[in-house]
Amino acid sequence: MMEVNLLHFMWLSYTFIVTFSGLNVLYSKHVPQIVVRLYSFGKINKNEKRKSIFRLIEVPKSWFSHFYVFASLFLPFVTLSVYGAYFYNYKSPILLYLLDNFGSVQRNGTVMPESVTILSFLITFQVLRRCYECFFISVYSDSKMNLSHYIVGLTFYFGVGLSLVHDAPGFERYTYKSNEVYDLHEWCTPAHCFGSVLFLTAFLLQFETHKAFAALRKSGDKVVSTGHYIPSSGFFEYVSCPHYFAEIIMYLAGSVILGGRSYTWWLVCLWTVSGQIMTGLMSHQWYQKNFKNYPKKRKAVIPFLL
């Protein structure tokens, strides 16, 4: 019987669905309204006036915060498990059980333990910051998202946590040898340094972008509107969605840190790139449609290209 790696299957299926559906919604005039309702969310969904049964299974967009509450619990658990494995030779039975059941039982430690440690701390730092933004910075409108988006958001960070260690040494299979000792000495490699700088640069860009979006709806510290406005200055001069561009860069930086040796993490990148580009193109299209004076030279997600 052939083994099914559910983690790999999730990333590949998510990528296919979001790309196929997104391209159809963006460029086809004959897409059924059901597909549009299932795919779109936020300001794009808010403008859709036709009635649909899928409104019954929509939730507030502000529920994005739930993703980061979960991630702020699960990712630190993964990071502590990584730290325990490499510094105290303690392998988390829970994490190994999850990897055995959602990943492959034929896992191989293809990446350096130092790489996994660095990236786990960076990703944890990222989700903790996003959780902080959700509760103390972001100003949400009364728009909705489909329940499918909500489920994908929750499973995304569960998948990210498992993908961090899927190809890591010391997390191969539950029937491990507990007397293995790791010689941790290669911390300042070119891949680690360049990848970390790239990650942190994108980290700051995303943080500043979210603050800029919130400022459009505030006067000082007071929320005065939940409407949508044209953002400007800074990286907004190049793209409509700097936060999506930053997300792509952070996850690609993760592959740099891992030395490009984790196939599982490349699948995470594939999903992140496709999802952020498709969502960014839809947001860009919405801005162009609703603001006649929207800057014509501004791209959607990737400066000067897309």
Side-chain angles (χ1 to χ4, degrees), residues 39-48 58-76 122-158 160 199-251 272 275-287 290-291 294 298 300-301:
Y39 190 87
S40 60
F41 68 94
K43 56 183 175 288
I44 304 163
N45 206 14
K46 187 177 179 180
N47 275 17
E48 187 52 55
E58 289 177 340
V59 297
K61 189 185 174 185
S62 60
W63 283 20
F64 265 97
S65 59
H66 297 180
F67 307 160
Y68 299 105
V69 170
F70 168 75
S72 295
L73 296 173
F74 186 60
L75 268 298
L122 288 174
I123 291 292
T124 298
F125 188 29
Q126 157 72 0
V127 298
L128 290 174
R129 193 212 81 226
R130 287 293 289 119
C131 189
Y132 168 78
E133 288 173 356
C134 286
F135 289 101
F136 299 104
I137 293 180
S138 297
V139 180
Y140 292 102
S141 67
D142 59 352
S143 56
K144 304 281 187 179
M145 62 176 167
N146 193 274
L147 188 60
S148 61
H149 291 102
Y150 184 72
I151 294 171
V152 168
L154 290 176
T155 56
F156 173 77
Y157 285 107
F158 177 73
V160 166
F199 186 101
L200 292 171
T201 301
F203 175 100
L204 291 173
L205 171 61
Q206 191 176 70
F207 182 55
E208 292 301 321
T209 301
H210 288 148
K211 287 201 301 182
F213 276 129
L216 292 173
R217 295 173 172 174
K218 291 181 178 181
S219 178
D221 293 330
K222 184 179 179 180
V223 176
V224 294
S225 174
T226 57
H228 297 280
Y229 306 93
I230 301 178
S232 60
S233 75
F235 218 79
F236 284 111
E237 296 299 321
Y238 304 99
V239 295
S240 298
C241 307
H243 51 320
Y244 295 157
F245 176 67
E247 188 87 354
I248 290 171
I249 296 302
M250 278 187 281
Y251 282 89
T272 302
Q276 300 302 304
I277 286 179
M278 287 295 108
T279 306
L281 286 171
M282 292 185 73
S283 292
H284 184 66
Q285 190 180 77
W286 184 90
Y287 280 121
N290 289 273
F291 296 100
Y294 198 71
R298 189 177 298 185
V301 181

Using the ring of each side chain (for Trp, its six-membered ring), is Phe291 parallel, tilted or perpendicular to Trp286, with breaks at 30° and 60°? perpendicular
Heavy-atom distance under 4.5 Å between the side chains of Arg130 and Phe67, does that happen here? no
Under 4.5 Å between any side-chain heavy atoms of Phe70 and Phe158, yes or no? yes
So, do Gln126 and Phe199 sit near enough that their side-chain heavy atoms are less than 4.5 Å apart? yes
Kindly compute the distance separating CE (Met250) from CD1 (Ile123), expressed to the nearest 0.5 Å. 7.5 Å
Please work out whether the ring planes of His284 and Tyr294 are parallel, tilted or perpendicular, with thresholds of 30° and 60°. perpendicular
What's the verdict on side-chain contact (heavy atoms from CB on, under 4.5 Å) for Val127 and Phe74, showing C-alpha distance, side-chain angles and the deciding distance? CA-CA 10 Å; Val127 298; Phe74 186 60; over 6 Å; no
Of the non-hydrogen atoms in Ser283 and Cys241, which two are nearest, and what is the gap between them? CB-SG, 3.8 Å
When every non-hydrogen atom of Ile277 is compared with those of Ile248, the smallest separation belongs to CG1-CD1, 4.0 Å
Flag this pair as yes if the NZ/CZ of Arg129 is under 6.0 angstrom from the six-membered ring centre of Phe203 and inside a 45 degree cone about the axis; otherwise no. yes
Hits for side chain to side chain contact (heavy atoms under 4.5 Å, CB included) against Ser72, two or more places apart or cross-chain, chain-then-number order -> Leu128, Cys131
If I take atom OG1 from residue Thr209 and atom CZ from residue Phe245, how far apart are they, to the nearest 0.5 angstrom? 10.5 Å
Working note: Arg298 + Tyr287, criterion side-chain contact (heavy atoms from CB on, under 4.5 Å); need CA distance, chi angles, decisive distance, verdict. CA-CA 11 Å; Arg298 189 177 298 185; Tyr287 280 121; over 6 Å; no
Between Val139 and Lys218, is the side-chain contact (heavy atoms from CB on, under 4.5 Å) condition met? List the steps. CA-CA 8 Å; Val139 180; Lys218 291 181 178 181; 3.4 Å; yes
Heavy atoms, side chains only, cut-off 4.5 Å: are Phe213 and Ser138 in contact? no
Pairwise side-chain contact, Phe156 with Thr272, heavy-atom cut-off 4.5 Å (strictly under): yes
Can a side-chain donor-acceptor contact be found between Glu133 and Gln206 if the only test is distance below 3.5 angstrom? no
For Leu200 and Leu122: C-alpha separation, side-chain torsions, deciding distance, then whether side-chain contact (heavy atoms from CB on, under 4.5 Å) applies. CA-CA 8 Å; Leu200 292 171; Leu122 288 174; 3.9 Å; yes
Centroid-centroid under 6.0 Å between Tyr157 and Tyr68 rings: yes
Kindly indicate whether the side chain of Ile137, heavy atoms from C-beta on, has any atom under 4.5 Å from the side chain of Phe207. yes
Nearest heavy-atom contact between Thr124 and Pro76 is CG2-CG, 3.8 Å
In this structure, are over 12 heavy atoms from other groups packed under 6.0 Å from Phe236 atom CZ? yes
In this structure, are over 12 heavy atoms from other groups packed under 6.0 Å from Tyr140 atom OH? yes
